[in-house]
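Written out below as structure tokens is the structure these notes cover.
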Amino acid sequence: ALRLRRFEPDFVSVYHGINDLFEYGHEGVGIQPRLNFNGQLVAPFVYEGDAAHGSDGLLRELERAISRRSLAWQLLRERTRPAREIARSDPDRLAEGLELYRQRYDALLAEIAASGATAVPMTFALAWPGDFTPEEEPRVRASLHIWLDPVGIALQDGPDVVERQNQAIEDLSREHDLPLARVAGAVPHDARHFVDACHLTAAGNRRIAEVLADAIEERIELRH
């Protein structure tokens, strides 16, 4: 909200993260008192999601925050811990997670609209299963497990969950009469465009920029 006031934008693009899969780790759509939106304790001087315990001091908290945001660290942790494939996702948990995702996305669109800007929702590109070599596949699969395993989503259900989120974005875009950047399906699922299951190379980011520019340009032309 403060950035909306500072920049007074005409358009605000919304490209959510793979982290939104953590919505499916909730018991319900309510936010617990004194906990952040990931259900973890809130402590001073940390980013939300890093405060599993009380603060150990600023330097330690910064070290923890940086390490937890390092993709290399996440992949190393994934390779060194025992594999635990989730055989079946809980359908009720998936339904609750999708509802929570939709509610929060809708609230974000309302916040943007209240500032006078036009939101430009973007569907999410997931590169699994993708066109990767046998050597690349284990790394890409492991990168998706980082987000699926903690909330009990089976690997085979991951793409469907993301697709349902994308459908929710399309529905909300129609409800609010917003331009939509259909990124999902527009970025080739290969190593030239993706670093792993969701993070993009320069070529992947360039492709997303093209899709976003087209969506914004179309709305500008309609206004004129």
Side-chain angles (χ1 to χ4, degrees), residues 14-26 37-40 47-50 52 64-98 100-102 105 122-170 181-209 211:
V14 183
Y15 192 64
H16 69 278
I18 191 73
N19 310 61
D20 284 278
L21 289 175
F22 289 134
E23 304 284 25
Y24 298 83
H26 288 272
F37 60 85
N38 284 323
Q40 295 173 312
Y47 295 102
E48 284 191 321
D50 292 326
R64 182 182 292 122
I66 293 169
S67 67
R68 289 190 180 182
R69 279 164 173 73
S70 166
L71 179 61
W73 168 255
Q74 294 280 9
L75 291 173
L76 176 62
R77 186 178 67 174
E78 192 66 30
R79 289 172 65 90
T80 56
R81 73 178 182 180
R84 55 181 194 90
E85 290 279 344
I86 306 296
R88 180 177 179 273
S89 308
D90 181 347
D92 292 335
R93 176 64 61 82
L94 295 185
E96 289 179 354
L98 182 61
L100 181 57
Y101 173 86
R102 181 187 173 91
Y105 205 105
M122 307 166 68
T123 56
F124 189 75
L126 185 71
W128 181 264
D131 185 19
F132 298 98
T133 67
E135 293 76 22
E136 293 165 338
E137 257 192 36
R139 173 179 54 80
V140 178
R141 184 188 303 110
S143 72
L144 187 53
H145 275 296
I146 290 172
W147 290 278
L148 296 179
D149 290 356
V151 292
I153 299 178
L155 181 66
Q156 67 270 17
D157 295 329
D160 182 58
V161 170
V162 172
E163 180 54 35
R164 291 185 184 187
Q165 291 182 169
N166 284 337
Q167 186 58 56
I169 292 172
E170 295 215 18
R182 290 184 171 86
V183 173
V187 185
H189 296 171
D190 55 34
R192 181 171 178 270
H193 295 84
F194 282 90
V195 176
D196 58 12
C198 61
H199 293 94
L200 296 134
T201 64
N205 279 304
R206 187 174 297 110
R207 181 67 190 120
I208 286 183
V211 174

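Val162 is listed as a side-chain neighbour of Asn166, based on a closest heavy-atom distance under 4.5 Å. Put simply, the side chain of Val161 reaches to within 4.5 Å of the side chain of Leu21, judged on heavy atoms. Proximity of Ile153 to Arg93: side-chain heavy atoms (C-beta onward) are nowhere separated by under 4.5 Å. Counting heavy atoms from C-beta on, the side chains of Arg164 and Asp160 come closer than 4.5 Å. Residues Trp128 and Leu155 form a side-chain contact, since some pair of their non-hydrogen atoms from C-beta on lies under 4.5 Å apart. Between Tyr24 and Leu100 the shortest side-chain heavy-atom distance does not fall below 4.5 Å. Side chains of Arg102 and Gln165 form no contact here, defined as non-hydrogen atoms less than 4.5 Å apart. Side-chain atoms of Val151 and Phe22, non-hydrogen and from C-beta on, do get closer than 4.5 Å to each other.
Residue Ser143 comes nearest to Asp196 through the heavy atom pair OG-CB, 3.3 Å, listed as atom of the first residue, atom of the second, then distance. Pairing each heavy atom of Ala154 with each of Leu148, the nearest pair is O-CD1, 4.1 Å. Residues Leu126 and Ala197 approach most closely at CD1-O, 3.4 Å, considering heavy atoms. The nearest pair of heavy atoms linking Phe132 to Asp190 is CE2-C, 3.6 Å. Looking at every heavy atom in both residues, His189 comes nearest to Phe194 through CD2-CE1, 4.0 Å.
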Show me the donor-acceptor pairs, under 3.5 Å and distance only, between side chains in residues 201-208 and residues at least two apart or in other chains.
unit_1: Thr201; atom_1: OG1; unit_2: Arg192; atom_2: O; d: 2.5
unit_1: Thr201; atom_1: OG1; unit_2: His193; atom_2: O; d: 3.3
unit_1: Thr201; atom_1: OG1; unit_2: Ala203; atom_2: N; d: 3.4
unit_1: Thr201; atom_1: OG1; unit_2: Gly204; atom_2: N; d: 3.3
unit_1: Asn205; atom_1: ND2; unit_2: Thr201; atom_2: O; d: 3.2
unit_1: Arg207; atom_1: NE; unit_2: Ala186; atom_2: O; d: 3.0
unit_1: Arg207; atom_1: NH1; unit_2: Glu210; atom_2: OE1; d: 3.0

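For the atom pair Leu98 CG and Gln167 CD, the distance stands at 10.0 Å (nearest 0.5 Å). Atom CD1 of residue Ile146 and atom SG of residue Cys198 lie 8.5 Å apart, to the nearest 0.5 angstrom. The CD atom of Glu163 lies 13.5 Å from the CG atom of Asp157; values are rounded to the nearest 0.5 Å.
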Could you check Glu170 against Thr123 for side-chain contact (heavy atoms from CB on, under 4.5 Å), going step by step and ending with a plain yes or no? CA-CA 8 Å; Glu170 295 215 18; Thr123 56; 4.2 Å; yes
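Defined by atom type and a distance below 3.5 Å, a donor-acceptor pair is missing between the side-chain atoms of His16 and Asp20.
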